[in-house]
Asks: 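Here you go, one structure.
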Amino acid sequence: MTGEHHARRYAALLLASADGIAGMELTGQLGGDKWQTTAEELIDTLVAMVAAQTHGSAT
């Protein structure tokens, strides 16, 4: 459990990041060789990072 303060911060982080990733996907910035990843991979990585950060948090 992350606590209300942290939950809101992580929610904002996830929303802002997902919006940026979606924008990159829609404008074609994720295609090609520059990033060598997909929107799905980025979202999976983002969620995994937040989950790892919040795992075991008591506040």
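As the structure is a prediction and not an experimental result, all values here were calculated from the model.
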Asks: L15 vs D19, test: side chain to side chain contact (heavy atoms under 4.5 Å, CB included). Steps then yes/no.
Replies: CA-CA 6 Å; L15 182 58; D19 183 61; 5.6 Å; no

Asks: I need the minimum non-hydrogen distance between Q29 and W35, along with the two atoms involved.
Replies: O-CD1, 3.1 Å

Asks: Would you give the length of the straight line joining atom OG1 of T38 to atom CG of D44, rounded to the nearest 0.5 angstrom?
Replies: 7.5 Å

Asks: Identify the heavy atoms of A18 and L46 that sit nearest to each other, and give their distance.
Replies: N-CD2, 4.3 Å

Asks: What's the spacing between L30 CG and E25 CD if we round to 0.5 Å?
Replies: 5.5 Å

Asks: Between M49 and I21, is there shared hydrophobic-cluster membership here, with clusters defined by ILVMFWY side-chain heavy atoms closer than 4.5 Å?
Replies: no

Asks: Membership question, hydrophobic clusters at under 4.5 Å side-chain separation (ILVMFWY): are V47 and Y10 in the same one?
Replies: yes

Asks: Assess the residue pair T37 and T45 against the criterion (side chain to side chain contact (heavy atoms under 4.5 Å, CB included)); give the C-alpha distance rounded to whole Å, side-chain angles, the decisive distance to 0.1 Å, and a yes or no.
Replies: CA-CA 11 Å; T37 191; T45 301; over 6 Å; no

Asks: In Å and rounded to the nearest 0.5 Å, what is the CD to CZ distance from Q53 to R9?
Replies: 8.5 Å

Asks: What are the two closest heavy atoms between E41 and Q36, and how far apart are they?
Replies: OE1-O, 4.4 Å

